[in-house]
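Quick caveat: nothing in here was measured; it's all calculated off a predicted structure.
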Amino acid sequence: MKTLLLSLFFILSTTIVYSQTSTDTIALRQSLEKATAAIREAFEKGDAAMIGRLHSPDVIKYFGGNNVITGRAAVEKGAADWFRNAAVSFIENTVENTTFAGNIAIQTVIFSIKTTPKNGGTPTIARGRSMVIYIQDKNSPTGWLTLREIAQEAPAR
C-alpha cells in the first residue's frame, strides 16, 4: 500500500510540475502585437539595424530547404542586402493562432510581402505562413525578441 501511495504521489507531482502553464493575458497579447508591428514597421522603413535588434542573438530562421539564417548579425545583413535593392512592405499579416507559455509566445501568421525593386522592375508578392517563437527580453526595444521562425507556402485562398 505504501508503494502504491508513493507511486500515486510521484505521478501527481510530476504532472503538476511539468504541466504547461498558459500566461495568456490581454496585456501580453497587446505587447506582442506592438512588437510584431515594430518588426513590420522596420521592414517598411528599410531599417536593418532595428530588425537585427528585434531578433535574439541566437535566432534561427528556416525558410525551406537549405535556406537557414542563423544569428542576429546574419538577419541584419540579409535585411540590409534586401533593402539595398528593394522597398519592402507587408500587405497581409493575418494572425491564425497565438499561444503563451511563461515568457514565450508562439504565433502562426499568414503573411504577404511586396518587394518593389529600386531599379524600377516589376514588384513581386510573396505569400506564406510562418510560425514564430518569441521570447520576452528586457534588452529588446519592444520587450520581445524573435528566437525561432519557420516559413512555408501559405494555403490557397
Partner of L145 under side-chain contact (heavy atoms from CB on, under 4.5 Å), picked from R72, R53, H55, is R72

Just how far is it from atom OG of S140 to atom CD1 of I135, taken to the nearest 0.5 Å?
11.0 Å

I'd like to know if Y134 and I150 are part of one continuous hydrophobic network [Ile/Leu/Val/Met/Phe/Trp/Tyr, side-chain heavy atoms within less than 4.5 Å].
no

Residue pairs passing the salt bridge (charged side-chain N to carboxylate O under 4.0 Å, His left out) test with at least one member in residues 133-152, sequence neighbours excluded, are K61-E149

May I have the step-by-step check of side-chain contact (heavy atoms from CB on, under 4.5 Å) for K34 and W144, ending in yes or no?
CA-CA 9 Å; K34 185 177 175 183; W144 293 93; over 6 Å; no

Test side-chain contact (heavy atoms from CB on, under 4.5 Å) on F111 and E92 and set out the steps.
CA-CA 5 Å; F111 64 88; E92 179 182 9; 5.7 Å; no

On a heavy-atom basis, the closest approach of S56 and L147 is OG-CD1, 3.8 Å

What heavy-atom pair brings A74 and T70 nearest, and what distance separates the two atoms?
CB-O, 3.3 Å

What heavy-atom pair brings T146 and V59 nearest, and what distance separates the two atoms?
O-CG2, 3.5 Å

Could you tell me whether I26 atom CD1 has more than 12 heavy atoms of other residues or ligands within 6.0 Å of it?
no

To the nearest 0.5 Å, what is the distance between CD1 (I60) and CD1 (I133)?
10.0 Å

In the single-linkage hydrophobic clustering (I, L, V, M, F, W, Y; side-chain heavy atoms under 4.5 Å), do F90 and L54 co-cluster?
yes

So OG1 of T108 and CE of M131: to nearest 0.5 Å the spacing works out to 6.0 Å

Any heavy-atom pair between the side chains of E41 and M50 that's under 4.5 Å?
no

Run the numbers on I104 and I106 for side-chain contact (heavy atoms from CB on, under 4.5 Å), then give the verdict.
CA-CA 7 Å; I104 298 214; I106 304 167; 4.2 Å; yes

Ring pair (Phe, Tyr, Trp, His ring centres under 6.0 Å) against F83, all qualifying residues, sequence neighbours excluded
F43

Rounded to the nearest 0.5 Å, how far apart are CZ of F100 and CD of Q107?
7.5 Å

When you look at NZ of K118, are more than 12 heavy atoms from neighbouring residues, nucleotides or ligands closer to it than 6.0 Å?
yes

Side-chain heavy atoms of I51 within contact of E76, under 4.5 Å
no

Atom of A154, atom of R127 and distance for their closest heavy-atom approach
CB-NH1, 3.4 Å

Is there a side-chain contact between S31 and T142, using heavy atoms and a 4.5 Å cut-off?
no

Is there side-chain contact between I91 and I113, with at least one heavy-atom pair below 4.5 Å?
no

Counting only N and O atoms by type, is there a donor-acceptor contact under 3.5 Å from the side chain of R29 to the main-chain atoms of T25?
no

Find out if a path of hydrophobic residues (ILVMFWY) with successive side-chain heavy-atom gaps under 4.5 Å connects V132 to V68.
no

Can you hop from V95 to I39 via hydrophobic side chains spaced under 4.5 Å?
yes

Heavy atoms, side chains only, cut-off 4.5 Å: are W82 and T115 in contact?
yes

Could you walk me through whether S89 and E44 satisfy the side-chain hydrogen bond (donor to acceptor under 3.5 Å, both in side chains) test, starting with their C-alpha distance in whole Å, then the side-chain angles of each, then the deciding distance to 0.1 Å, before giving a yes or no?
CA-CA 5 Å; S89 61; E44 297 207 11; 5.0 Å; no

